[in-house]
Amino acid sequence: MQRNAIDLIGYVAATCTTLSFLPQLVRVLRLRSAREISLGMFLIFSIGTALWLTYGLLSHSRPVVAANAVTFVLSMSILVLKLRFDRNVLKEVSTV
C-alpha cells in the first residue's frame with residue numbers, strides 16, 4: 001500500500017477519534033457541570049495522549065501528531081473544566 005493511502009487512513013481514524021471528544025466538551029460547557037466525568041480517567045488519558053504526541057513527534061508520524069495534538073487540547077480542556085466546576089460545586093455545598 002502506498003504511503004499516502006496509509007496516511008489517509010491514519011488521518012481519517014484520527015479525525016473520528018478526536019472529534020468524539022467534542023460532544024462531551026460541548027455538554028460540559030453547556031451544563032457547566034462535569035460531575036459524571038472521572039477525574040482519574042481523564043488524568044490518565046491526558047498523560048497517554050501527551051505520550052502519543054511525543055511518540056508521533058519522535059517517529060515523524062504526521063497523523064499521530066495531528067490527532068494527539070488536538071485530542072490533548074480537547075482532553076485538557078475537559079480536565080480543566082472538571083476541576084473548575086467540581087471546585088465550584090464543593091464551594092456551594094460547603095456554604096449551605
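The shown structure was predicted, so the numbers you read here are calculated from the model rather than taken from an experiment.
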Is it true that Glu36 and Lys82 have a side-chain N and a carboxylate O under 4.0 angstrom from each other?
no
Listed partners of Arg30 passing salt bridge (Lys or Arg N to Asp or Glu O under 4.0 Å), at least two apart:
none
Distance, nearest 0.5 Å, that separates CZ of Phe72 from CD1 of Ile47:
9.0 Å
Is Leu8 close to Asn4 at the side-chain level, that is, under 4.5 Å between some pair of heavy atoms?
no
When clusters are formed by joining ILVMFWY residues with side-chain heavy atoms under 4.5 Å apart, either directly or through shared neighbours, do Leu31 and Val26 land in the same one?
no
Gap between atom CD1 of Ile44 and atom OG of Ser75 - 0.5 Å precision
12.5 Å
Check: Val80 and Leu83 side chains under 4.5 Å, non-hydrogen atoms:
no
Measure the spacing between CG of Leu81 and CD of Gln24 and express it to the nearest 0.5 Å.
10.5 Å
Closest non-hydrogen atom pair between Val65 and Gly56, with its separation
CG2-C, 3.2 Å
Compare all side-chain heavy atoms of Asp86 with those of Leu39 and state whether any distance is below 4.5 angstrom.
no
As an exercise, state the distance from CD1 of Ile78 to CZ of Arg27, rounded to the nearest 0.5 Å.
11.5 Å
For the hydrophobic clusters of this structure (ILVMFWY residues joined by side-chain heavy atoms under 4.5 Å, transitively), does one cluster hold both Tyr11 and Leu19?
no
Looking at every non-hydrogen atom in both residues, tell me the closest pair between Ser33 and Phe85 and how far apart they are.
N-CD1, 3.7 Å
Measure the spacing between OG of Ser77 and CG of Leu29 and express it to the nearest 0.5 Å.
8.5 Å
Can you tell me how far the OG atom of Ser46 sits from the CG atom of Leu51, to the nearest 0.5 Å?
11.0 Å
Any Leu53 side-chain heavy atom under 4.5 Å of Val64 side chain
no
For the pair Phe45 and Phe21, evaluate ring pair (Phe, Tyr, Trp, His ring centres under 6.0 Å) and give the outcome as yes or no after the intermediate values.
CA-CA 12 Å; Phe45 182 81; Phe21 278 87; 5.0 Å; yes
Do Thr71 and Trp52 come close enough that some side-chain heavy atom pair is under 4.5 Å?
no
Side-chain heavy atoms nearer than 4.5 Å, only ILVMFWY residues, links allowed to pass through others: does that put Val12 and Ile6 together?
no
Tell me, yes or no, whether the heavy-atom count around Tyr55 atom OH, taken from other residues, nucleotides or ligands under 6.0 Å, exceeds 12.
no
Heavy-atom check, side chain of Ile9 versus side chain of Met1, under 4.5 Å:
yes
To check you understand the geometry: which heavy-atom pair defines the closest contact between Ala67 and Thr18, and what is its length?
O-OG1, 3.3 Å
With sequence neighbours left out, write down each residue that passes side-chain hydrogen bond (donor to acceptor under 3.5 Å, both in side chains) with Thr49, or none if nothing qualifies.
none
